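Please read the structure below before turning to the comments.
If you're wondering where the values come from, they're calculated on a predicted model, not measured in any experiment. Keep in mind that the numbers below use all heavy atoms, side chains included, and drop hydrogens, waters and symmetry copies.
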Amino acid sequence: MARRTIDSTIPDLSGKRALVTGASDGMGLVIATRLAAAGAEVIMPVRNRRKGEAAVAGIRAKVPDATVSLRDLDLSSLASVAALGETLRAEDRPLHILINNAGVMTPPQRQTTADGHELQFGTNHLGHFALVGRLLPLLRAGRARVTSQVSIAARSGTINWDDLGWERGYHGQRAYSQSKIAFGLFGLELDRRSRAEGWGITSNLSHPGVAPTSLLAARPEVGRSKDTPQVRLIRALSARGILLGTVETAALPALLAATAPDAKGGVLYGPAGLGNLGGPPVEHRTFSPLLTEDAVRVWQVSQRLTRTTIPADSLT
């Protein structure tokens, strides 16, 4: 089946400073490349410097005049998040775009972060929560657009309030859904609080649909020695243009949410195709688990678990 071309226009971003987590491969690398091509200065915080340097070289091969730089970040370590915040605050330059894109998905066995939190909840949600808190003065100074990448997994499931760390009866997929639901609730609550308190930040959500990224591929660091059957099927369907997107099209909802002049806060952007699995990026109905009254509870619990208070004006 022939795949129709899907793309969206990125406005001129000259003079804008953008930070993208998870930008060393997959969708994150596509996002960083497109932002750089539109004229933004792009900061890529990475855990693996060698991989990050290869990504930067790839961007510069496509965008010779790109302004792009690496920083160190391991979202599974709150100390690493704090260190990045300190580094960027010392640079004292506003951030205009923050795309919270990095993530980990379904380790076969329960793993924990450096701080003892279940790995998916700790990385996908708590790490990004703490990062926003640490960067809040710079985001406010830049009247930033903050786009948080959730997942189609957030359209079902719940938060396991009785066992947030999945210490009793770990289930990788349910823990992943929980991490993305909590993260989405945080992104929506960030926008609500910004409007109520006059922070000047616009916060929205995106999700990529389904595409052949590395999330379900072999990843020894999360205990997965070979590709899952799911990712093999996803690659086959994507290559044939059936229902699913590509890595390039999967990056488009986040780019639309983060850069379009008319993109709104407090809403979700994702693919327009059948089941929101693929297709051009659009605003669409927010997943029902993100419409609960748990956002304030998520915020409060996240502050306690990360030892991060938002707003963090005292950090300036």
Side-chain angles (χ1 to χ4, degrees), residues 6-23 27-43 94-103 128-129 131-132 135-136 138-152 154-155 180 183-209 211 245 247-273 276-287 290-291 295:
I6 296 173
D7 200 359
S8 59
T9 301
I10 310 300
D12 181 17
L13 299 176
S14 300
K16 303 293 186 183
R17 199 175 199 221
L19 187 151
V20 184
T21 67
M27 286 182 292
L29 181 54
V30 173
I31 290 167
T33 303
R34 294 293 300 270
L35 293 176
E41 175 191 349
V42 181
I43 301 168
L95 284 172
H96 305 95
I97 297 170
L98 171 60
I99 301 181
N100 294 316
N101 167 75
H128 281 117
F129 179 93
L131 181 65
V132 170
L135 298 180
L136 193 68
L138 305 181
L139 297 170
R140 292 182 65 176
R143 301 190 67 81
R145 183 84 59 83
V146 177
T147 295
S148 297
Q149 187 91 281
V150 292
S151 166
I152 205 162
R155 69 182 178 186
K180 289 299 187 175
F183 191 34
L185 288 167
F186 160 61
L188 298 177
E189 181 68 5
L190 177 62
D191 190 72
R192 188 193 69 78
R193 294 193 182 214
S194 176
R195 286 185 282 107
E197 302 296 331
W199 295 348
I201 295 169
T202 301
S203 174
N204 56 25
L205 309 178
S206 62
H207 82 89
V247 174
E248 289 73 24
T249 64
L252 296 178
L255 285 165
L256 174 70
T259 69
D262 58 350
K264 296 180 287 189
V267 300
L268 173 65
Y269 293 86
N276 303 122
L277 300 176
V282 295
E283 177 189 342
H284 67 69
R285 181 183 300 177
T286 301
F287 299 142
L290 303 179
L291 298 174

Residues in salt bridge (charged side-chain N to carboxylate O under 4.0 Å, His left out) contact with Glu283, at least two apart in sequence or another chain: Lys264
Going by the rule ring-ring contact (aromatic ring centres under 6.0 Å, His included), which residues pair with Phe183 if we only count those two or more places apart in sequence or in a different chain? His128
Please round to the nearest 0.5 Å and tell me the distance separating atom CG of Leu252 and atom CE of Met27. 11.0 Å
Under the 3.5 angstrom rule, does the side chain of Ser203 hit a backbone N or O of Gly187 as a donor-acceptor pair? yes
Any side-chain heavy-atom pair of Val146 and Ser148 under 4.5 Å: yes
Quick check: do Val247 and Leu29 have side-chain heavy atoms less than 4.5 Å from each other? no
Does one side chain, of Asn204 or Thr147, offer a donor that lies under 3.5 Å from an acceptor on the other? yes
Under the side chain to side chain donor-acceptor pair (under 3.5 Å) test, residues paired with Thr33 that sit two or more places apart: none
Hey, what do you get for CG (Asn276) to CZ (Phe287), rounding to the nearest 0.5 Å? 6.0 Å
Quick one: does Arg140's side chain have a donor or acceptor within less than 3.5 Å of a partner on Gly200's backbone? no
Do side-chain atoms of Asn101 reach the backbone of Gly22 as a donor and acceptor pair under 3.5 angstrom? yes
Residues forming a side chain to side chain donor-acceptor pair (under 3.5 Å) with Thr9, sequence neighbours excluded: none
Close side-chain approach of Ile99 to Leu35, heavy-atom, < 4.5 Å: yes
Option passing side chain to side chain donor-acceptor pair (under 3.5 Å) with His207 (candidates His284, Lys180, Gln149): His284
Residue pair Asn100 / Val132, side-chain heavy-atom distance below 4.5 Å: yes
What pair of heavy atoms forms the shortest contact from Ile31 to Ala251, and how long is it? CG1-CB, 3.7 Å
In short, Leu19 meets Leu131 closest at the heavy-atom pair CD2-CD2, 4.5 Å
Contact check, side chains of Pro271 and Pro253, non-hydrogen atoms, under 4.5 Å: yes
To the nearest 0.5 Å, tell me how far His96 NE2 sits from Leu139 CG. 10.5 Å
If you look at every heavy atom in Ala272 and Val282, which pair is closest and at what distance? CB-CG2, 3.6 Å
Of all residues at least two apart in sequence or in a different chain, which pass the salt bridge (charged side-chain N to carboxylate O under 4.0 Å, His left out) check with Arg193? Glu189
Do Ile201 and Leu98 pass the side chain to side chain contact (heavy atoms under 4.5 Å, CB included) test, and can you show the C-alpha distance, the side-chain angles, and the key distance before you say yes or no? CA-CA 10 Å; Ile201 295 169; Leu98 171 60; over 6 Å; no
Taking only residues two or more places apart in sequence, or in another chain, which ones meet Asp191 in a side chain to side chain donor-acceptor pair (under 3.5 Å)? Arg195
Closest non-hydrogen atom pair, Arg145 against Ala258: CG-O, 3.4 Å
Indicate yes or no for a side-chain donor-acceptor contact from Thr259 to the backbone of Ile10 under 3.5 Å, with no hydrogens or angles considered. no
In short, Tyr269 meets Ala263 closest at the heavy-atom pair OH-CA, 3.3 Å
Are any of the side-chain heavy atoms of Leu190 and Trp199 separated by less than 4.5 Å? yes
